[in-house]
Protein chains: 2
Amino acid sequence: MANVTPSTVSRVMNDSKLVKPRTRQRVLEAVQSLGYVPSKAARMFKYGKSRIIGLVVSAQHISELIFNAGFQAQFKALTEKAHGVGYNILIITSADAHAESYFGVIKSQAADGFIIMSPYANEALASMLDDSGIPYIFNMKYSDRPEDVYFASSDDFEGGYIAAGHLLGLNHTDIRFIVGSVKGRLVSFNNERMRGFMQALSEYGIPFKEEMIVRIPGQPEESYDGIARFFRSEKPTALMISNEITAAAALNYFYDHGIRVPRDISVVGFGPSEYYRGLRPHLTHMNADIAWSSGRIVEMLLQRIEGEPIGIEPFKKPELVIRDSTARLE
Amino acid sequence: MANVTPSTVSRVMNDSKLVKPRTRQRVLEAVQSLGYVPSKAARMFKYGKSRIIGLVVSAQHISELIFNAGFQAQFKALTEKAHGVGYNILIITSADAHAESYFGVIKSQAADGFIIMSPYANEALASMLDDSGIPYIFNMKYSDRPEDVYFASSDDFEGGYIAAGHLLGLNHTDIRFIVGSVKGRLVSFNNERMRGFMQALSEYGIPFKEEMIVRIPGQPEESYDGIARFFRSEKPTALMISNEITAAAALNYFYDHGIRVPRDISVVGFGPSEYYRGLRPHLTHMNADIAWSSGRIVEMLLQRIEGEPIGIEPFKKPELVIRDSTARLE
DNA sequence: CTGTTAGCGCCTTCAG
DNA sequence: CTGAAGGCGCTAACAG
């Protein structure tokens, strides 16, 4: 229609200077009137890159991820950051959380890099991806090797340590740490928080006992019942609750049974302040800076994709936000 | 490595019968040991289809969408349904909610069909997509033309009508309908709910007044203040609250100011029951069946992509779930 | 400045 | 049963 060859059209579409203004004009008019848009698929094929970031979640854990209070903030931060630099996000699920399963879906996708939302550390997967030269970033510490720094998260050891220290400083000793678990297995950040918790206990000279760790499912449907079951037989003076949903469920249980917070029990939550602002009473909590970690994740991943050196700064120390749910034990 | 041509490998990868078992074996071994995976990009290019569904949101409205309580359930339902049939979901944002802006990003993507999360009706966009033969489904009624049935949502007119009828039946007449708005414009479902509200009023012989409609932002950061500002000067006996975040903010305001629900004020919410289960007091609400509509959206879209005839059933009537937040006005 | 050519990886003919 | 050839849409390199 513009009486030019595809090459010239290509040049126009790619803003090459090597086109006479008059020709460019003709081409643009034709493009306009035909509604022509270059085929994304052909471009991907030709360039070998898609400007797509794969967000990998295991199907087994997707509920856990999505119904986590931080998910919305995380999703927003990830997409906005990625879209800001011209990348789109593709949601990918693997059947389960094993390295092979992740690796299989990852290899078969046309994405330039992957964000792996894994519930557990997964050194094996990292090795496989390294071997294949596929850029990736995890949402948390995924390995114990010091050279494995391709993740960004809040420092969960510190979180557990600071939260426990806060309660211990208020004279609480009968503290329970409520954690979610998937098939009886602790997700990594709970392991870290637990280590921090134990560290604080030992500094205060309180012996750690197994029963201080209470496993209650973090899903909306099950949390409340789990809390109710626990309180049928136990009466601690303070709780640390690792999961926002469970924290909300606990508050609901207290509301329903006339248990006053913090007068009857002190509670510390973990997670984004934005979430806790919406609960009553307003919970004292360890704020995880989701916007920071999500932004960092995309940033690092893009650096890996572009082959640039990446800045190493995987952890951010969480902040204790004191609100209305913790009180000194007299 | 297997001493065969690419053609044969292709046949093996595609389970063609035209390969001698021994050859197939050799090829599979080579595939295994090389970790060969066919290029997704090349396949997309060749077939002209990507098995990707684009989820289109305007950048302006992404917060609103994500921080809506139904989003998590919706996201889960959409991804699980899509993944279940071998499609992945690509998150796409358009700069704004204008037809041209949506159309631009849609045309430039390598997706087989699009789910359009629009805050407003958008007949113009639908026409453009129809002209280009691009399959799409909206997340809500997007047009007044009876032939435009490419959407699935809860019936918001009924929602407003039933909710208002419930309060009117409890003798409330000083009812306010709190709706979110984006730049002063009502999102479509609020328009529908408002129409239902007015219909119920008129059946009860209560004159509608402009001030019954109260616009308060639905964002977490702004809702609480909006509620506080409203209650400085007003004292209705009942509220309908169109946005879950605002409903939670109102409950928090009541908690903070000693206002008892439902003794001092009755409240009806809108949105998924899963969400309201987590609030105290437990709100009476119109349940929107997110799982149904999300499932339906993907189903219809796939039917359009495959060129099958689509079942027409765009609306689901919402259900009044009576809990602890509404009481008879004596 | 513009046209011609070739090739990205895959799959589907068509030949043998 | 397997190989050879061609083309999907695009762009970079080369020629003019």
Side-chain angles (χ1 to χ4, degrees), chain A residues 1-52 54 86-88 90 104-112 132-134 305 307, chain B residues 1-52 54 86 88 90 104-112 132-134 305:
Chain A
M1 178 164 163
N3 282 322
V4 292
T5 55
S7 303
T8 302
V9 178
S10 173
R11 282 189 269 261
V12 171
M13 298 310 285
N14 292 289
D15 289 324
S16 158
K17 299 153 211 304
L18 305 171
V19 185
K20 203 198 296 187
R22 274 212 49 223
T23 315
R24 171 185 305 275
Q25 185 56 29
R26 282 212 319 283
V27 171
L28 286 176
E29 276 163 16
V31 162
Q32 185 70 35
S33 78
L34 295 168
Y36 167 79
V37 177
S39 153
K40 190 90 164 188
R43 279 177 118 115
M44 284 186 199
F45 175 54
K46 168 80 183 171
Y47 286 128
K49 36 180 44 228
S50 54
R51 296 193 82 83
I52 286 175
Y87 279 76
N88 282 316
L90 185 71
V105 293
I106 286 174
K107 267 199 312 185
S108 73
Q109 294 302 142
D112 298 337
S132 305
I134 298 173
I305 291 174
Chain B
M1 176 163 164
N3 283 320
V4 292
T5 56
S7 307
T8 303
V9 178
S10 174
R11 281 189 269 260
V12 172
M13 299 309 288
N14 293 288
D15 289 324
S16 159
K17 300 154 213 300
L18 305 172
V19 186
K20 204 198 297 187
R22 276 212 46 221
T23 314
R24 170 184 307 276
Q25 185 58 29
R26 281 211 321 282
V27 171
L28 287 175
E29 277 163 17
V31 163
Q32 184 70 35
S33 78
L34 295 168
Y36 167 80
V37 177
S39 149
K40 189 87 161 193
R43 278 177 117 114
M44 284 186 197
F45 176 54
K46 168 80 183 174
Y47 287 126
K49 39 183 36 228
S50 55
R51 295 191 81 84
I52 286 175
N88 283 316
L90 186 71
V105 292
I106 287 174
K107 267 199 312 183
S108 73
Q109 294 302 142
D112 298 337
S132 306
I134 297 173
I305 291 173

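Below, chain A is the first sequence line, B the second, and so on; all start at residue 1. A quick note: this is a predicted structure, and the numbers were derived from the prediction, not measured.
The backbone N or O of A:K17 lies less than 3.5 Å from no partner atom in the side chain of A:R24, so there is not a single donor-acceptor pair. B:D112 contributes a side-chain N or O that, together with a main-chain N or O of B:S50, makes up a donor-acceptor pair within less than 3.5 Å.
Of all nucleotides listed (D:dG3, C:dC11, C:dC8), C:dC8 comes nearest to the side chain of A:K46. Counting only heavy atoms from C-beta on, A:T5 has its side chain closest to C:dG3 among D:dT2, D:dT11, C:dG3. With D:dG3, D:dC8, C:dG3 as the choices, the nucleotide that has an atom nearest any side-chain atom of B:T8 turns out to be D:dG3.
For the pair A:Y47 and C:dG9, the criterion of a side-chain N or O lying under 4.0 Å from OP1 or OP2 is not met. Look at B:S39 and you won't find any side-chain N or O under 4.0 angstrom from OP1 or OP2 of C:dG9. Look at B:R43 and you'll find a side-chain N or O under 4.0 angstrom from OP1 or OP2 of C:dC11.
In this structure, OG on A:S108 lies 8.0 Å from CG on B:N88, to the nearest 0.5 angstrom. Here the straight-line distance linking atom CE of B:M1 with atom CG of B:N3 works out to 10.0 Å at 0.5 Å rounding.
Checking A:V9 against B:S7, the closest nucleotide of DNA chain D that is more toward the 5' end is the one next to B:S7. Nearer to the 5' terminus of DNA chain D, by closest-nucleotide assignment, is the contact made by B:V4 (compared with the other of B:A42 and B:V4).
Rounded to an integer number of Å, the gap from B:K49 NZ to C:dC11 C1' is 16 Å. Taking atom CG of B:N14 as the reference point, atom C1' of C:dT13 lies 15 Å away to the nearest angstrom. Regarding A:M13, its CE atom lies at a distance of 15 Å from the P atom of D:dG9, rounded to whole Å. When rounded to the nearest whole Å, the span between NZ of A:K40 and P of D:dT11 equals 12 Å. Atom CZ of A:R11 is separated from atom P of D:dA13 by 12 Å (rounded to the nearest Å). The nearest whole Å value for the distance from the CZ atom in A:R22 to the P atom in C:dT2 is 10 Å. Nucleotide C:dC1 holds its C1' atom 17 Å from the CD atom of A:Q25, rounded to whole Å. Nucleotide C:dG7 holds its P atom 24 Å from the CE atom of A:M44, rounded to whole Å.
Using a 4.5 Å cut-off on side-chain heavy atoms (C-beta onward), A:Q109 and A:I52 make no contact.
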